[in-house]
Structures are given as C-alpha cells and as structure tokens.
Number of protein chains: 2
Amino acid sequence: MVKISSFNVNGIRAAQRKGFTDWVAQTDPDIICLQELRALEHQVPKKIKKLPYHEAYHTAEKKGYSGVGILSKEKPVRVEAGIGVDWIDEEGRVLMAEYSDLIVFSIYAPSGTTGDERQDLKMEFLDHFLPFAQKYLSGDKPVVFCGDFNICHTSIDIHNPKQNKNTSGFLPEEREWVTRLLETGYEDVYRRLHEGETDLYSWWSYRAASKDRNKGWRIDYHMGSPELLDAAEDAVIEMEWDLSDHAPVTITYSL
Amino acid sequence: MVKISSFNVNGIRAAQRKGFTDWVAQTDPDIICLQELRALEHQVPKKIKKLPYHEAYHTAEKKGYSGVGILSKEKPVRVEAGIGVDWIDEEGRVLMAEYSDLIVFSIYAPSGTTGDERQDLKMEFLDHFLPFAQKYLSGDKPVVFCGDFNICHTSIDIHNPKQNKNTSGFLPEEREWVTRLLETGYEDVYRRLHEGETDLYSWWSYRAASKDRNKGWRIDYHMGSPELLDAAEDAVIEMEWDLSDHAPVTITYSL
DNA sequence: CCTTCTAAG
DNA sequence: CTTACAAGG
C-alpha cells in the first residue's frame with residue numbers, strides 16, 4: 001500500500017505555522033507532493049526537515065515564489081528537477097522522484113489569473129507538459145503526476161460553471177487540454193473513484209468565506225497511468241484541515 | 001483636570017487590532033498625542049474615527065510611514081502641522097493643537113538606528129526643534145511637547161547604559177540635547193514626578209522578550225512648560241497594555 | 001483574503 | 001520581532 005498526498009501548501013512556512021506536521025503525523029502519507037512552497041530550501045521549517053521523510057525540492061529562483069517538493073518515506077532511486085524549458089525550470093514547477101516500482105511527479109502549473117501574459121505562459125507550460133507526460137506512459141513503471149494544474153476539468157469540478165466560463169482556470173481551451181491529457185492515457189484518479197459526485201473541490205478562495213460555504217474549484221489532481229487507477233483503493237480530499245487555501249488530495253494505491 | 005496621554009502606537013491599524021479603543025475607553029484621556037500612525041488619514045480605523053474625540057493628523061507623504069495625530073474631547077481653537085522644514089514636514093513629525101488654556105504638541109523625532117544618514121537627519125531635526133520649542137515658552141498659555149523623542153536622557157532611563165553608550169538614542173550628543181531642552185525651561189514632567197526611580201521605561205524591543213524582562217528605554221516624554229509641572233498630579237506609564245512596542249505615558253494636570 | 005518580499009523601526 | 005508596502009495568487 002502506498003498512500004500519496006498532493007498538497008498545494010500556499011507557503012510551506014505559513015502551513016507549518018498552522019500545523020503542517022500535525023497533518024503529516026495524522027494522515028501519515030508514504031509520499032507527499034508539495035506545491036507552492038514559496039520558500040528556498042534553507043527556509044523550509046526545521047520541524048519539516050526533521051520528519052522521517054526523504055526530501056527533494058525544486059525551488060524557484062525568485063524568493064518567496066512557487067517551488068515544488070516531494071517528501072517520501074522511501075528514498076528515491078532518482079530525482080529529476082525541471083522539464084527542460086528555462087523559464088519553467090527557473091520557476092520551480094516540475095519535480096520527479098523515481099522509486100523501485102513507481103514514478104511520482106509534483107507539478108505546479110502557472111496561474112493565469114494575473115493577466116494575459118501569464119495566461120499565455122500557462123498555455124505554453126501546458127503545451128510543453130503534454131509530450132513530456134506522454135513519454136512516461138511507455139516506461140516500465142507506473143507514473144503519477146500529482147499537483148495543482150490550475151484547471152477545473154468539467155462543470156461538476158467548479159461551484160459556479162456559468163459565471164466562470166471566461167475565467168482563467170475554467171476556459172474552454174484549458175478544459176480541453178485536460179481532456180487531451182486523459183486521451184493520451186492518463187487517468188484523473190480522484191474523479192474515477194468519485195464519478196459524477198458533486199461538490200468535491202480542492203481549492204477555495206480566501207475571500208468571502210468560500211470554504212465555509214464550499215464554493216470551491218477542483219484543480220489539484222493525481223493524473224496516473226492506467227495501472228495506478230487499477231491500484232487506487234481510496235481517494236479523499238482532506239478539507240477538514242485548514243493549512244492552506246488548497247486541501248490535500250490523498251489516494252491510497254495497492255502497490 | 002486634564003488627562004493627557006502620549007502614545008507611539010507603532011501603526012494605528014495594528015494597535016486597533018490589539019484593542020486601542022479599549023484602552024481609550026478605560027484610560028479616558030482628555031487629549032491623546034499619537035505618534036507613528038503608519039497610516040494615511042483615510043486608513044485610520046473606523047472605530048477610532050467614531051470615538052467622541054476631535055481628530056487632527058499630520059501624516060507622512062510616504063505610505064505606511066511615521067505620522068502624528070492629536071485626539072481631544074475639546075475642539076482645538078487652532079491646529080498647526082509641521083515645523084517649517086520641508087523634509088521634516090513631509091515625514092509628519094510635528095503637530096500642534098491649541099485649546100482655550102493649553103497648547104499641546106505631538107512629536108515624533110526621527111530614529112537614527114538605521115544608519116549614519118538618518119542619524120544626521122535626527123540631529124538636524126533636534127537642532128530645528130530647540131529654537132522652535134523655545135519660542136512657545138514666551139507665550140501666554142502653558143505648552144507641552146508630548147512624544148517619542150527617540151532619546152534616553154540619563155543612565156536610569158535605560159536598562160543597560162554601559163552597553164548602549166555608542167547606540168543611537170543614548171549617544172552623548174543626544175543626551176546633552178535633552179539637557180539643553182530642559183535648560184531652556186522645559187520640564188521632563190514624568191521624571192520630575194518620579195525623581196530617581198529606576199526601571200521606568202516606555203519602550204521595549206520586540207526582540208528577546210524585552211518587555212517581559214522589563215529591559216526597556218524611556219524615550220517618550222511630556223516636555224512641559226513650568227506651569228504644567230506645577231499642575232501635574234499623577235504620571236503613569238501604562239505598561240499593562242500591549243498595543244505597541246511603546247506604552248502610553250499618561251499625566252493628569254490640574255488645569 | 002493571504003503569503004511572501006522589502007524597508008523601516 | 002513587528003509594521004507597513006507591493007507583487008503574486
């Protein structure tokens with residue numbers, strides 16, 4: 001059994017102030033894919049560095065910005081940072097850890113909410129991502145891309161689809177991109193274990209008490225190779241924790 | 001009876017979050033001299049604007065920086081901002097309110113702790129201040145300069161005089177400046193009511209739990225004309241409130 | 001609304 | 001250590 005959590009912490013230091021390590025102790029994942037660390041490696045809180053986990057980080061060059069990490073009980077046999085595109089790799093958005101029988105990625109897609117320029121770069125990231133992800137499907141280990149893709153796929157993944165049809169994160173071209181990722185062979189594991197279920201979100205705006213009213217978006221995914229869908233036994237969004245504006249998405253795989 | 005408080009709030013918005021208006025309600029001063037508002041007038045919290053006090057402000061041009069104010073139950077007959085020196089007046093450091101039988105100033109002297117350039121400007125401020133203050137002694141109303149002068153006068157005004165003899169705020173030239181202000185005829189009213197008493201401070205560094213250990217500096221004063229010393233009945237530093245790194249210095253005058 | 005950064009104290 | 005700002009989300 002391998003329990004994997006994907007968690008956009010919105011600042012690992014802020015999350016730790018709110019009890020990140022309490023969450024780790026209670027959920028006890030085998031692998032934790034972190035996004036939006038907003039810290040350099042030396043700024044990661046000591047309590048996290050002292051956890052009984054191996055650590056790998058890919059931080060942004062810009063201080064306090066972006067950054068991904070993977071914590072795991074098992075030591076990875078190989079770690080790789082980046083996707084091979086300079087501007088993306090300078091932003092710390094892609095990190096891979098390979099284990100004896102599994103490959104895990106932590107992914108943080110750019111947000112496009114701050115304007116056209118960033119939206120264009122988000123689409124550029126997505127365009128690079130598709131062939132990058134595809135090549136791992138022909139490998140001999142199951143692979144899962146965990147992370148914040150900053151896209152809701154379908155109408156049931158967002159609380160107000162009509163109002164947001166022109167909002168970055170729910171644009172037709174973004175939603176189609178998720179469809180294409182699924183068509184290449186990846187599975188949205190959480191959704192496949194909760195087909196048709198509504199009101200399941202992984203992010204809530206800090207404004208307007210959105211989480212209290214469950215007015216959220218599902219933008220954090222486990223995009224797994226088919227073997228992993230077969231292995232998936234339990235998939236939960238841990239919205240009882242208030243460590244971030246995102247909730248951890250935790251899936252247990254019988255591997 | 002006129003109760004006057006001098007209070008460096010270290011950000012009026014932060015102070016209000018910690019209960020500034022509760023302090024006003026409990027202490028119930030007639031006049032409140034505020035320093036380090038760190039806000040423009042429209043940013044002053046609504047709860048403060050709604051107090052049964054007349055308000056006068058002299059804010060810095062730079063957002064979130066410096067700024068002084070005077071709140072009073074009685075409406076001033078005249079309010080004057082500044083000292084007539086451009087750079088000082090742009091920083092919002094001097095404000096006068098004249099009442100029927102009293103003139104009150106709120107003063108915030110520059111800090112010199114950030115380097116030589118600011119220390120030089122602090123001394124320049126002090127040099128302008130002396131003749132400015134002197135001319136109010138020949139007027140026909142008692143006058144008090146309340147505020148944060150950013151100087152400890154004597155060894156008993158600071159918890160560690162030896163270590164700080166080369167520190168801005170306790171430099172010989174600064175301490176001599178206070179002596180000169182007293183020689184021109186002003187009285188350090190709080191000290192005159194607590195002659196020789198030790199461990200009386202008005203500011204504690206936020207670092208190293210200084211306030212818990214009462215490792216402080218007395219840098220906030222009522223510098224009053226002689227009639228006010230005669231009228232002073234009770235002088236307290238209200239260190240039981242934790243609204244700022246400074247405590248209010250509150251003196252009751254029989255006027 | 002929240003988390004960073006930096007400047008200022 | 002704390003308050004502001006500004007950028008980013």
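Residue numbering restarts at 1 for every chain, and letters A, B, ... go by the order of the sequence lines. Owing to the predicted nature of the structure, the values given are computational and were not obtained by experimental measurement.
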Output the rounded distance in Å from [atom1] ([X]) to [atom2] ([N]).
X	N	atom1	atom2	result
A/His42	C/dT4	NE2	P	13 Å
B/Arg17	D/dT3	CZ	P	6 Å
B/Lys122	C/dA8	NZ	C1'	14 Å
A/Arg207	C/dT3	CZ	C1'	13 Å
A/Gln16	C/dC2	CD	P	19 Å
A/Leu40	C/dT6	CG	P	10 Å
B/Glu36	D/dC1	CD	C1'	14 Å
B/Trp204	D/dT2	CH2	P	15 Å

Self-check item: Canonical and wobble pairing (Watson-Crick, G-U, under 3.5 Å) of DNA chain C, dot-bracket with |
Solution: ||||.||||
Quiz item: Who passes side-chain contact (heavy atoms from CB on, under 4.5 Å) against A/Glu117, sequence neighbours left out?
Solution: none
Pairwise distance [atom1]([X]) to [atom2]([Y]) - rounded to 0.5 angstrom:
X	Y	atom1	atom2	result
B/Lys18	B/Trp241	NZ	CH2	13.5 Å
A/Thr21	A/Gln16	OG1	CD	3.5 Å
A/Ser6	A/Met223	OG	CE	10.5 Å

Among [options], which is the nearest nucleotide to the side chain of [X]?
X	options	answer
B/Thr114	C/dG9, D/dG9, C/dT4	C/dG9
A/Arg118	D/dG9, C/dT3, C/dG9	D/dG9
A/Ala14	D/dG9, C/dT4, D/dA4	C/dT4
B/Gln43	C/dG9, D/dT3, D/dC5	D/dC5
A/Arg13	C/dT4, C/dG9, D/dA4	C/dT4
A/Ser111	C/dC5, C/dG9, D/dG9	D/dG9

Quiz item: Phosphate oxygens OP1/OP2 of D/dT3: is one of them under 4.0 Å from a side-chain N or O of B/Lys18?
Solution: yes
Quiz item: When you measure from every atom of DNA chain D, which of residues 61-69 of chain B have a heavy atom less than 4.0 Å away?
Solution: B/Lys63, B/Gly64
Quiz item: According to the interplanar angle, ranging from 0 to 90°, do the rings of B/Phe129 and B/Phe125 count as parallel (below 30°), tilted (30 to 60°) or perpendicular (above 60°)?
Solution: parallel
Whether [X] side chain and [Y] backbone form a donor-acceptor pair below 3.5 Å:
X	Y	value
B/Glu124	B/Asp120	no
B/Lys211	B/Gly216	no
A/Gln163	A/Asn160	no

Self-check item: Upstream residue (5' side of DNA chain C) when A/Ala208 and A/Ala15 are each assigned their closest nucleotide
Solution: A/Ala208
Quiz item: Using a cut-off of 4.0 Å on non-hydrogen atoms, how would the nucleic acid contact of A/Glu91 be classed: base, sugar-phosphate, or nothing?
Solution: nothing
Quiz item: Would you call B/Lys63 and B/Glu41 a salt bridge, taking side-chain N to carboxylate O under 4.0 Å as the test?
Solution: no
Quiz item: Is the shortest distance from a Lys or Arg side-chain nitrogen in A/Lys122 or A/Glu174 to a carboxylate oxygen in the other one below 4.0 Å?
Solution: yes
